[in-house]
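Notes follow once the structure below has been shown.
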Amino acid sequence: MSFNKFIFPNAIIPQVLKQYSSFIRTNLTSIIAIKCLRNYSIVTDVTATRLLQKNLIQANNMLSGYGSGVIGCTVLDINGNIDKSFNEMKREELVSKHGLLPRDLRKIEKSKQNDLVPSLLVRQNSILISLLNYKALIQPNMVITFNSIGSGISLHSSAHVSFMNDLQSRLKNSTTNEVGSDPLPYEFRALEAIFISALSNLTSELKVLLAVSDGVLNDLEFSITRDKLRLLLIQNKKLSIFYKKASLVRELIDDLLEQDDVLCEMYLSDKKLGIEHYEDDHTEVEMLLETYHNHIDELVQLGENAISNVKTTEEIINIILDSNRNQLMLLGIKFSLGLLSLGCAIFVGAAYGMNLENFIEETNYGFVGASVIGAIATIWLYVVGVRTLHRLQKVSLLHHMNKNVKK
């Protein structure tokens, strides 16, 4: 059979090419569609991932209080009544309406962290204070207290309720002719309520720390254990943190008392009425700050004394442990001297018991003589070693100085 029989006729070739081209076109279209779908799915995944990250960041900021643009607060009017229409305020509103700077709200927005550094900023018509767990904006006719998220004091706690009740009572106790009225201006009464609450919390915390630390120190007088030492270390850390907080509050009041211009600017009510204070015309606020300065100074001194007692106890414990360690070492040296002294008796006994002829074996008192000589040598060597050890124990600094002078 020849090869020409397998050659397609000319009429069949165009049909084959047409079918083959349609097959290629269909496959190319399918490949392009698959690639487009893959690219679209990749783009969709990237977009969804970015949106998810953005939502997570926004949710985290809302929970943490950063960048949310809204700050939870409680507004009290000039009569001390709570304005329930304001539960939160926008950051832009606080900055524009109350004459603040954007950086002034930094400490309030970061209230989730334990902020130990207090601050008091005086602006044109307001005082922004951040004192431990209390953060507030004081104006001549209103007080805005900010909710400190994560500060350890919730809005429904007894400490916060007591603070709000005291603040309301002081704001309502305005200057009147009634008996028991407070002659201080509105802003100073609000400032006094914040200082009283903060210092009362510090006082309560110090009482608890002193009670626990005194109990641990009293227990250590009877027995020293590992658990008690660990508890003493924990109390020392807590006392150090308390001392740092109290010292920072005292430094804040010291800085305020040294700045006459700032003290004069704190008279917001008089400034609103057009009354200006200059130089040393700030007796009221100065006496107010000095009163709480004496109180916080007392707390600082008590905290410092407690830390000193703990450190003194730690030093005494270290001395006792070193003394016990030295006694154990001394006991080991005495045992070593006894073994060394016993070596003399062993040497005499070994020499006497040798299988060599000597004159000792011919006498009747050889065994007794060897035993007596070994015992005497043992006792003499032990006594000499103990005396040398005691002489080394009694070496003092004055002894070394006398030796150096003689040289």
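None of these values were measured; they are calculated from a predicted model. The basis for the numbers below is simple: all heavy atoms, side chains too, and nothing from hydrogens, waters or symmetry mates.
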Taking all non-hydrogen atoms of both residues, which atom of His98 and which atom of Met89 are closest, and how far apart?
-> NE2-CE, 3.8 Å
Does any N or O in the side chain of Lys271 come within less than 3.5 Å of the main-chain N or O of Gln124, such that one atom is a donor and the other an acceptor?
-> yes
Do side-chain atoms of Asn326 reach the backbone of Asp322 as a donor and acceptor pair under 3.5 angstrom?
-> yes
Pick one: which of Ile144, Ile82, Asp83, Ile138 meets side chain to side chain contact (heavy atoms under 4.5 Å, CB included) with Leu76?
-> Ile82
Is there a side chain to side chain donor-acceptor pair (under 3.5 Å) between Ser223 and Lys228 once you walk through the steps?
-> CA-CA 9 Å; Ser223 62; Lys228 293 179 182 179; 2.8 Å; yes
If you take all heavy atoms of Ser126 and Leu100, which pair is closest and at what distance?
-> OG-CD2, 3.6 Å
What class does the angle between the rings of Phe163 and Tyr134 fall in, given that below 30° is parallel, 30 to 60° is tilted and above 60° is perpendicular?
-> tilted
Could you tell me which non-hydrogen atom of Tyr382 sits nearest to which non-hydrogen atom of Lys334, and how far apart they are?
-> CE1-O, 3.9 Å
Asp297 backbone acceptor or donor facing Arg250 side chain under 3.5 Å | no
Residue among Leu252, Ile253, Leu289, Asp255 satisfying side chain to side chain contact (heavy atoms under 4.5 Å, CB included) with Leu120 = Leu252
Is there a donor-acceptor contact under 3.5 Å from the side chain of Arg91 to the main chain of Pro102?
-> yes
Hey, does the side chain of Ser200 reach the backbone of Ile196 with a donor-acceptor pair shorter than 3.5 angstrom?
-> yes
Is there a donor-acceptor contact under 3.5 Å from the side chain of Glu187 to the main chain of Leu268?
-> yes
Which pair of non-hydrogen atoms, one from Tyr267 and one from Thr283, has the smallest distance, and what is that distance?
-> OH-N, 3.6 Å
side-chain contact (heavy atoms from CB on, under 4.5 Å) between Leu202 and Leu199: does it pass, once the steps are laid out?
-> CA-CA 5 Å; Leu202 286 177; Leu199 294 183; 4.1 Å; yes
Kindly indicate whether the side chain of Glu192, heavy atoms from C-beta on, has any atom under 4.5 Å from the side chain of Thr291.
-> no
Non-hydrogen atoms of Asn79 and Lys172 that approach each other most closely | O-CG, 2.7 Å
For the side chain of Asp166 and the backbone of Ser162, is there at least one donor-acceptor N/O pair under 3.5 Å apart?
-> no
